[in-house]
Amino acid sequence: MSTDQSKRFHGKVAVVTGSARGLGKRIAEAFINDGGTVAMLGRNAAALEATAAELGANAVAFPTDISDAVAVRQTFDAIRQRLGAVDFLINNAAVGHLQTIEEADDRLLQEEVGANLLGPIYCIRAVIPLMKARGGGGIVNVTSESVTRPYPFLTVYAATKSAMETLSAGLRTELRGQSIRVTVLRSGRMSESGFNRDWPEERRARYREIVKAEGYHVSSGEPISPQITAKAVMDLLALPREANIDLLELRSSG
């Protein structure tokens with residue numbers, strides 16, 4: 001029977017953003033099941049704390065709006081004080097507001113760019129010194145298949161995810177020789193997601209009409225379980241330090 005010491009991430013700490021639900025929750029769950037501790041970040045304190053309670057003592061909630069640079073600094077300081085170190089950062093949090101560029105609302109634009117691009121940058125900036133102190137680490141930036149084919153009404157979302165892939169390439173060069181790996185996880189559609197929960201119904205209807213007419217879901221395939229994606233993330237985190245997966249695109253096979 002497996003012991004905690006024999007599990008791959010015994011004694012390791014991962015920060016997972018957007019971990020109250022969907023893929024973030026499943027990544028946190030998989031990391032904990034493989035012996036690690038997770039610092040869970042998310043904006044909705046009640047939802048985050050409920051998920052942390054569900055996942056057990058090795059899940060620690062740190063309610064944070066990652067688009068707030070000051071809040072991110074404070075959170076990573078709190079993580080260092082409570083958990084002592086960080087080995088991995090999974091930038092999973094994402095916001096996608098359903099709006100055309102012509103109709104785009106100022107507040108929603110700022111929220112989307114803040115959560116999807118600035119937030120990950122703030123988290124990466126804060127975690128690098130902690131990883132250096134640990135002797136290395138791994139950063140996984142979650143993007144989307146929409147970088148190659150932006151969905152209608154989600155152009156800004158796709159643009160932020162494209163920017164994350166460019167950021168990852170540059171970051172990989174900046175961190176070369178410092179034992180900090182950077183991987184892009186380009187994800188397809190998943191069967192568990194709160195991504196579209198706040199979309200206005202009128203725009204949702206227009207979106208569905210265009211998506212169906214243009215064959216977006218046909219080309220994407222059926223949604224897959226986020227547990228499959230979470231397992232893939234665990235496997236890439238566990239690679240020997242001298243190896244790296246620069247880009248992992250994981251989507252439906254059918």
Side-chain angles (χ1 to χ4, degrees), residues 9 11-32 35-96 107 110-143 160-161 163-164 167-168 171 174-175 178 180-183 185 194-195 230 233 237:
F9 302 117
K12 301 294 186 181
V13 176
V15 175
V16 183
T17 70
S19 48
R21 57 178 63 86
L23 177 60
K25 175 182 177 179
R26 297 308 178 184
I27 289 173
E29 179 180 54
F31 194 80
I32 290 166
T37 298
V38 176
M40 301 176 64
L41 273 60
R43 290 185 300 173
N44 186 322
L48 191 71
E49 287 164 2
T51 299
E54 178 186 339
L55 296 183
N58 283 356
V60 186
F62 293 89
T64 308
D65 178 355
I66 62 168
S67 68
D68 182 335
V70 173
V72 169
R73 286 192 180 97
Q74 292 172 343
T75 289
F76 276 84
D77 188 52
I79 292 169
R80 179 186 57 79
Q81 291 183 40
R82 181 159 178 182
L83 302 179
V86 175
D87 299 283
F88 304 107
L89 167 66
I90 294 87
N91 277 313
N92 165 76
V95 171
R107 180 184 64 82
Q110 290 163 5
E111 183 178 288
E112 197 163 10
V113 174
N116 297 355
L117 181 56
L118 289 176
I121 292 172
Y122 296 151
C123 290
I124 291 167
R125 180 176 64 181
V127 84
I128 287 173
L130 301 181
M131 289 184 175
K132 286 182 176 180
R134 193 71 154 169
I139 298 168
V140 178
N141 292 323
V142 180
T143 68
T160 61
K161 291 303 185 180
M164 281 298 294
L167 176 77
S168 300
L171 184 64
E174 290 182 6
L175 295 175
Q178 299 183 58
I180 300 176
R181 302 186 298 198
V182 181
T183 296
L185 169 62
F195 185 72
V233 172
L237 293 181

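All values below were derived from every heavy atom in this structure, side-chain atoms included, with hydrogens, water molecules and symmetry-related copies excluded.
In this structure, the side chain of K161 engages the main chain of V142 through a donor-acceptor pair within 3.5 Å. Under a 3.5 Å cut-off, the side chain of R181 and the backbone N or O of L237 do form a donor-acceptor pair.
Shortest non-hydrogen contact noted between T75 and P63 is OG1-O, 4.5 Å. Nearest heavy-atom pair across G24 and V16 is O-CG1, 3.7 Å.
A 6.0 Å sphere centred on CZ of R125 holds more than 12 heavy atoms belonging to other residues, nucleotides or ligands.
Among residues at least two apart or in separate chains, side-chain hydrogen bond (donor to acceptor under 3.5 Å, both in side chains) pairs with a member in residues 44-61 are K25-E54. For residues 110-123, the side-chain hydrogen bond (donor to acceptor under 3.5 Å, both in side chains) pairs, not counting sequence neighbours, are H97-E111, N116-T160.
Using a 4.5 Å heavy-atom threshold, the side chains of I66 and P120 count as touching. Looking at I27 and S19, their side chains never come closer than 4.5 Å, going by heavy atoms from C-beta outward. Residues T64 and R43 form no side-chain contact, since every pair of their non-hydrogen atoms from C-beta on lies 4.5 Å or further apart. Using a 4.5 Å heavy-atom cutoff, the side chains of I180 and M131 are in contact. Two residues are said to be in side-chain contact when any heavy atoms from C-beta on lie closer than 4.5 Å; D77 and Q81 meet this criterion. Two residues are said to be in side-chain contact when any heavy atoms from C-beta on lie closer than 4.5 Å; L185 and V233 meet this criterion.
Ring planes of F88 and F9: perpendicular class, angle over 60° (limits at 30 and 60°).
To the nearest 0.5 angstrom, E174 atom CD is 8.0 Å from L167 atom CG. Taking CD1 of I124 as the start and CG of N91 as the end, the distance is 5.0 Å to the nearest 0.5 Å. With rounding to the nearest 0.5 Å, the separation of NZ in K12 from CG in L83 is 14.0 Å. We find the OG1-CD1 distance between T183 and I139 to be 9.5 Å, quoted to the nearest 0.5 Å. Summarising the geometry, atom CG belonging to N141 is positioned 10.0 Å from atom CD1 belonging to I90; distances are rounded to the nearest 0.5 Å. With values rounded to the nearest 0.5 angstrom, D87 atom CG is found 10.0 Å from L130 atom CG.
A donor-acceptor contact closer than 3.5 angstrom is absent between the side chains of T17 and N92.
Each of V38, V13, T37 was scored for a side chain to side chain contact (heavy atoms under 4.5 Å, CB included) with F31, with one residue passing: V38.
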### Task
Quick one: do R134 and V86 satisfy side-chain contact (heavy atoms from CB on, under 4.5 Å)? Show the steps, please.
CA-CA 7 Å; R134 193 71 154 169; V86 175; over 6 Å; no
### side-chain contact (heavy atoms from CB on, under 4.5 Å) evaluation trace for V182 with L175
CA-CA 9 Å; V182 181; L175 295 175; 4.1 Å; yes
### Task
Quick one: do C123 and V15 satisfy side-chain contact (heavy atoms from CB on, under 4.5 Å)? Show the steps, please.
CA-CA 9 Å; C123 290; V15 175; over 6 Å; no
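In this structure, F62 has its ring center no closer than 6.0 Å to that of F76.
With sequence neighbours left out, S67 forms a side-chain hydrogen bond (donor to acceptor under 3.5 Å, both in side chains) with D65.
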